[in-house]
Participant: 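Next up is a structure, given as structure tokens.
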Amino acid sequence: MTKKYITTAIPYVNGNPHVGHTMDYLLSDAYYRYLKLSGEEARFQSGTDEHGNKIFHKALDSKKDINEYIDENSQKFRDFIQKLDVYPTDFIRTSDKDHERRCKEIWKKLEPHIYSAEYEGWYCEGCERFVTEKEVEENNGICPDHQKSYEKLSEKNYYLRISDFKEKIRKAIETGEMKILPDFREKEMLKLLDESPDVSVSRPKKNLSWGITVPNDDSQVMYVWIDALSNYITVLGYPDNDISDFWPATVQFVGKDILRFHAIIWPAMLLGLGLPLPKLLHSHGFINVNGQKMSKSIGNVVDPIDVLERHGVNALRYFFLRHVDNFVDSDFTWEKFDSAYNNELANDLGNLVQRLATLCSKNNLSYKTKETKFSPVYVEAMNNFKFNEAFEHAWTHVQNLNKKIDEEKPWELAKNGETEKLEKALSELVDGILHANFELSPFLPDATEKIKDIFLGEKILPPKTPLFPKER
RNA sequence: CGCGGGGUAGAGCAGCCUGGUAGCUCGUUUGGCUCAUAACCAAAAGGUCGUUGGUUCAAAUCCAACCCCCGCAACCA
């Protein structure tokens with residue numbers, strides 16, 4: 001049996017957790033839990049990206065020591081992950097000393113593919129950064145924040161020669177050695193690969209001080225790519241340890257916005273290091289609100305903490321894993337969220353647990369544990385990353401059980417004293433709910449644990465308060 | 001001709017790859033039940049599948065053209 005390795009993109013910690021991050025965490029966590037329940041050995045990485053000018057300036061603005069600032073922000077994300085019931089086996093911070101040291105080793109190994117060149121562009125002294133041609137055009141050559149003219153400036157950068165690897169990357173994608181899901185993104189990446197220029201991987205220290213110094217050149221600091229992308233292997237101990245047990249990654253979950261870096265720059269780095277490419281890059285879509293892109297200027301940003309507090313973690317996981325597509329953009333509205341909670345979680349599952357537990361308790365059913373496993377349809381869906389389908393399959397069990405109770409009418413059996421029939425019917429129903437519960441457990445770890453306790457306890461008793469209290 | 005996604009019942013979506021009586025969830029209406037969180041179960045109403053043309057015995061499904069939404073094209077997840 002080969003070991004599995006699941007990764008999440010590491011968020012840049014210059015702000016609070018976003019709904020977008022939530023998708024990353026939930027998809028990878030559900031898949032990780034599924035693998036574990038299937039008996040696989042697996043590692044599951046997460047972490048935080050902590051270098052760069054934006055963070056450096058944010059820390060200055062908030063009059064905090066940079067280390068204090070990143071500690072606080074990294075912790076915010078760790079707390080958030082925990083609230084989502086997501087438990088990675090490994091958590092990396094790009095400010096970790098081990099990571100920094102390993103990064104330098106990686107840089108050195110990549111040196112045959114790195115060259116230095118002058119970068120020329122428009123620069124704003126106030127912002128301390130280069131801006132794009134388009135931005136210069138839009139602002140008529142004057143920085144709106146500083147009311148100063150952009151100046152043409154050139155600086156030394158190191159570049160990673162992507163062209164050394166293009167053909168190999170293309171082949172890896174085409175042969176399926178490195179698969180990209182969904183398919184249309186794969187096509188997009190193949191196209192992008194053609195046009196990809198070499199990528200700048202460093203900045204002069206005077207322009208970027210908060211980062212990892214380039215080996216053998218104290219005047220340069222690594223730009224985000226090598227620093228952040230390498231986390232996926234430094235967390236496993238590369239290059240100090242042999243990582244072949246877990247690398248290549250089974251699946252790397254990323255947002256559609258950063259897929260290109262994972263499909264082009266990252267494979268180039270890996271090939272430069274002589275490492276195999278990840279088996280699968282899974283790109284997820286964005287979450288819109290009322291059909292509109294979430295944006296600060298529109299003011300429609302949904303804070304995942306608010307979602308969490310509305311009906312609890314189960315409701316959040318339920319909605320994002322069942323009703324949000326894992327490949328294309330989806331829509332979030334509070335109405336949909338409330339409706340999913342009340343009509344589905346509470347009415348279907350919560351109520352089923354309540355009525356069945358009450359029936360068992362009233363009739364003193366003693367239940368013997370029976371082994372359960374994932375159904376083939378479910379396995380098929382999960383293996384193809386169709387989480388919605390797997391979830392829905394599990395949910396049809398729930399709906400069928402509600403039907404079955406109505407058909408069997410246990411209350412009539414009890415009234416007529418048909419004890420044998422009654423016990424058979426009830427234990428079949430409990431079998432059913434435990435099976436459904438098992439298939440739901442990668443998605444709803446908290447709720448399914450509670451349900452297990454109810455039906456596998458000494459005596460079956462309905463929960464004192466409903467599992468999902470209705471809220472209108 | 002920049003790239004991509006989508007247009008299917010009141011709403012949200014599946015089906016399209018591998019043509020053959022149009023399906024799911026919510027909502028609405030009616031009936032049933034009482035174990036249960038005013039929950040559950042059954043039935044009904046509701047669609048010329050964006051437009052036009054083509055291929056075919058047969059098209060939501062394949063082909064062509066067009067119209068309309070929406071993303072991406074910039075380290076704003």
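Letters go in sequence order (proteins before strands), and every chain restarts at 1. All values derive from a computational prediction rather than experimental measurement.
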Participant: Assign Glu344(A) to base, sugar-phosphate, or nothing according to its heavy-atom contacts below 4.0 angstrom with the strands shown.
Facilitator: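 Since only primed, P, OP1 and OP2 atoms lie under 4.0 Å of Glu344(A), the category is sugar-phosphate.
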Participant: Taking the side chain of Met294(A) as heavy atoms from C-beta outward, which of rG12(B), rA73(B), rA77(B) is closest to it?
Facilitator: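 Among the listed nucleotides, the one closest to the side chain of Met294(A) is rA77(B).
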Participant: For rA36(B) and rU30(B), measure between their C1' atoms and round to the nearest Å.
Facilitator: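 These two C1' atoms come out 23 Å apart once rounded.
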Participant: Between rG19(B) and rA58(B), how far apart are the two P atoms, rounded to whole Å?
Facilitator: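 These two P atoms come out 15 Å apart once rounded.
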Participant: Could you tell me which nucleotide pairs with rA60(B) by Watson-Crick or G-U wobble geometry, both distances under 3.5 Å, or answer none if nothing does?
Facilitator: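 Paired with no nucleotide.
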Participant: Less than 6.0 Å separating the ring centroids of Phe332(A) and Phe337(A)?
Facilitator: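 Yes, close enough.
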Participant: Rounded off to whole Å, could you give me the NE2-to-P distance for the His21(A) and rC76(B) pair?
Facilitator: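 Distance check: His21(A) NE2 to rC76(B) P gives 10 Å.
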Participant: Say we look at rC35(B) and rG47(B): how far apart would their P atoms be, to the nearest angstrom?
Facilitator: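 Here rC35(B) and rG47(B) have their P atoms 40 Å from each other.
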Participant: Which of the following nucleotides, rG4(B), rC35(B), rU37(B), is nearest to the side chain of Glu188(A)?
Facilitator: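 In terms of side-chain proximity for Glu188(A), the closest of rG4(B), rC35(B), rU37(B) is rG4(B).
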Participant: Take atom P in rA42(B) and the same atom in rG27(B), then report the distance between them in whole Å.
Facilitator: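 My reading of the P atoms in rA42(B) and rG27(B) gives 15 Å.
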Participant: Taking any strand in view, what nucleotide pairs with rC72(B) in a Watson-Crick or G-U wobble way, both distances under 3.5 Å?
Facilitator: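 Its partner is rG2(B) (Watson-Crick or G-U wobble, both distances under 3.5 Å).
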Participant: Parallel, tilted or perpendicular, judged at 30° and 60°: which one describes the rings of Tyr158(A) and Trp107(A)?
Facilitator: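 Perpendicular: the ring planes of Tyr158(A) and Trp107(A) meet at over 60°.
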Participant: Please tell me whether Asp79(A) and Gln75(A) have a donor and an acceptor in their side chains that are separated by less than 3.5 angstrom.
Facilitator: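 There is such a pair (donor and acceptor under 3.5 Å, judged by atom type) between the side chains of Asp79(A) and Gln75(A).
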Participant: Of the options rG71(B), rC40(B), rG5(B), whose atoms approach the side-chain atoms of Asn402(A) most closely?
Facilitator: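 The answer is rC40(B), which lies nearest to the side chain.
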Participant: Taking rG15(B) as the reference, what is the distance to rG5(B) when you measure between their P atoms (whole Å, please)?
Facilitator: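 Taking atom P in both rG5(B) and rG15(B), they lie 14 Å apart.
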Participant: Nearest to the side chain of Asn351(A), which nucleotide is it out of rC41(B), rG71(B), rU37(B)?
Facilitator: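 Minimum distance to the Asn351(A) side chain belongs to rU37(B).
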Participant: Starting at atom CD of Glu408(A), determine the distance to atom C1' of rC41(B), rounded to an integer number of angstrom.
Facilitator: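 After rounding, the reported distance stands at 14 Å.
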Participant: Using a 4.0 Å heavy-atom cut-off, does Tyr12(A) contact any base of the nucleic acid, only the sugar-phosphate backbone, or nothing at all?
Facilitator: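 The answer is nothing, as Tyr12(A) stays clear of every strand by at least 4.0 Å.
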Participant: Among rC33(B), rC3(B), rA77(B), which nucleotide sits nearest the side chain of Trp411(A)?
Facilitator: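 Closest nucleotide to the Trp411(A) side chain: rC33(B).
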Participant: In the structure shown, which nucleotide is the Watson-Crick or G-U wobble counterpart of rU37(B), with both distances under 3.5 Å?
Facilitator: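 rU37(B) is paired with nothing.
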Participant: To the nearest angstrom, how far is Ile454(A) atom CD1 from rU37(B) atom P?
Facilitator: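 Taking atom P of rU37(B) as the reference, CD1 of Ile454(A) is at 13 Å.
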Participant: Who is the Watson-Crick or G-U wobble partner of rA44(B), with both distances under 3.5 Å?
Facilitator: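 Base partner found: rU28(B).
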Participant: Nearest to the side chain of Gln399(A) - rG32(B), rG5(B), rU25(B)?
Facilitator: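 Output: rU25(B).
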Participant: Using the P atom as the point on both nucleotides, what is the distance between rC41(B) and rA9(B), in whole Å?
Facilitator: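 25 Å, rounded to whole Å.
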Participant: How many Å lie between NZ on Lys256(A) and C1' on rA74(B), as a whole number?
Facilitator: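 In whole Å, rA74(B) C1' and Lys256(A) NZ are 15 Å from each other.
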Participant: Output the single nucleotide from rU34(B), rA77(B), rA36(B) whose closest atom is nearest the side chain of Arg355(A).
Facilitator: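 Of rU34(B), rA77(B), rA36(B), rA36(B) is nearest to the side chain of Arg355(A).
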Participant: For rA38(B), does OP1 or OP2 lie under 4.0 Å from any side-chain N or O of Lys470(A)?
Facilitator: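 Answer is no, no contact under 4.0 Å.
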Participant: What closest approach, in Å, do Gly285(A) and Asp329(A) show between heavy atoms, and which atom pair accounts for it?
Facilitator: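 What the structure gives for the nearest pair is CA-OD1, 3.4 Å.
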Participant: Just checking Ile287(A): base, sugar-phosphate only, or nothing, at a heavy-atom cut-off of under 4.0 Å?
Facilitator: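 Counting heavy atoms under 4.0 Å across all strands, the contact made by Ile287(A) includes a base.
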Participant: Which atom names give the shortest non-hydrogen contact between Pro304(A) and Leu316(A), and what distance separates them?
Facilitator: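 Nearest pair, atom of Pro304(A) first, then Leu316(A): O-CD1, 3.9 Å.
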Participant: Atom CG of Asn326(A) and atom C1' of rC13(B): how far apart are they, to the nearest Å?
Facilitator: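 Taking atom C1' of rC13(B) as the reference, CG of Asn326(A) is at 15 Å.
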Participant: If I pick the C1' atom on rA73(B) and the same atom on rG7(B), what distance separates them, to the nearest angstrom?
Facilitator: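 rG7(B) and rA73(B) have their C1' atoms separated by 23 Å.
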Participant: As a test of reading the structure: which of rG71(B), rG5(B), rA77(B) is closest to the side chain of Phe184(A), going by heavy atoms?
Facilitator: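 Of the candidates, rG5(B) comes closest.
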Participant: When you compare rG31(B) with rG12(B), how far apart are their C1' atoms, in angstrom units rounded to a whole number?
Facilitator: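 So the two C1' atoms sit 27 Å from each other.
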Participant: With both distances under 3.5 Å as the test, what is the Watson-Crick or G-U wobble partner of rG23(B)?
Facilitator: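 Its partner is rC13(B) (Watson-Crick or G-U wobble, both distances under 3.5 Å).
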Participant: Rounded to the Å, how far apart are Leu345(A) CG and rA39(B) P?
Facilitator: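 After rounding, the reported distance stands at 15 Å.
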Participant: Relative to each other, are the rings of His18(A) and His21(A) parallel, tilted or perpendicular (30° and 60° limits)?
Facilitator: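 If you compare the ring of His18(A) with that of His21(A), the planes turn out perpendicular.
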Participant: On the nucleotide rA36(B), are OP1 or OP2 found under 4.0 Å from the side-chain N or O atoms that Lys362(A) carries?
Facilitator: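 Yes.
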Participant: Considering every strand shown, what is the Watson-Crick or G-U wobble mate of rU18(B) when both distances are under 3.5 Å?
Facilitator: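 Pair assignment: rU18(B) / none.
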Participant: From CG of Asn347(A) over to P of rG27(B), roughly how many Å is that when rounded to an integer?
Facilitator: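 Rounding to the nearest Å, CG of Asn347(A) and P of rG27(B) are 8 Å apart.
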Participant: Let me spell it out: for each of Gly255(A) and His323(A), pick the nucleotide of RNA chain B with the closest heavy atom. Which residue's pick is nearer the 5' end?
Facilitator: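 Closer to the 5' end of RNA chain B: His323(A).
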Participant: Does OP1 or OP2 of rU25(B) have a side-chain N or O of Asn343(A) closer than 4.0 Å?
Facilitator: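 Answer is no, no contact under 4.0 Å.
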Participant: Check the distance between rU34(B)'s P and Leu359(A)'s CG and give it to me in whole angstrom.
Facilitator: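 The answer, rounded to whole Å, is 13 Å.
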Participant: Test your reading of the model: is there a side-chain donor-acceptor pair from Asp49(A) to the backbone of Pro11(A), 3.5 Å cut-off?
Facilitator: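 Not a single qualifying donor-acceptor pair exists.
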Participant: May I ask you to decide if the ring planes of Trp210(A) and His51(A) are parallel, tilted or perpendicular, using 30° and 60° as cut-offs?
Facilitator: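 Taking His51(A) first and then Trp210(A), their aromatic rings stand perpendicular (interplane angle over 60°).
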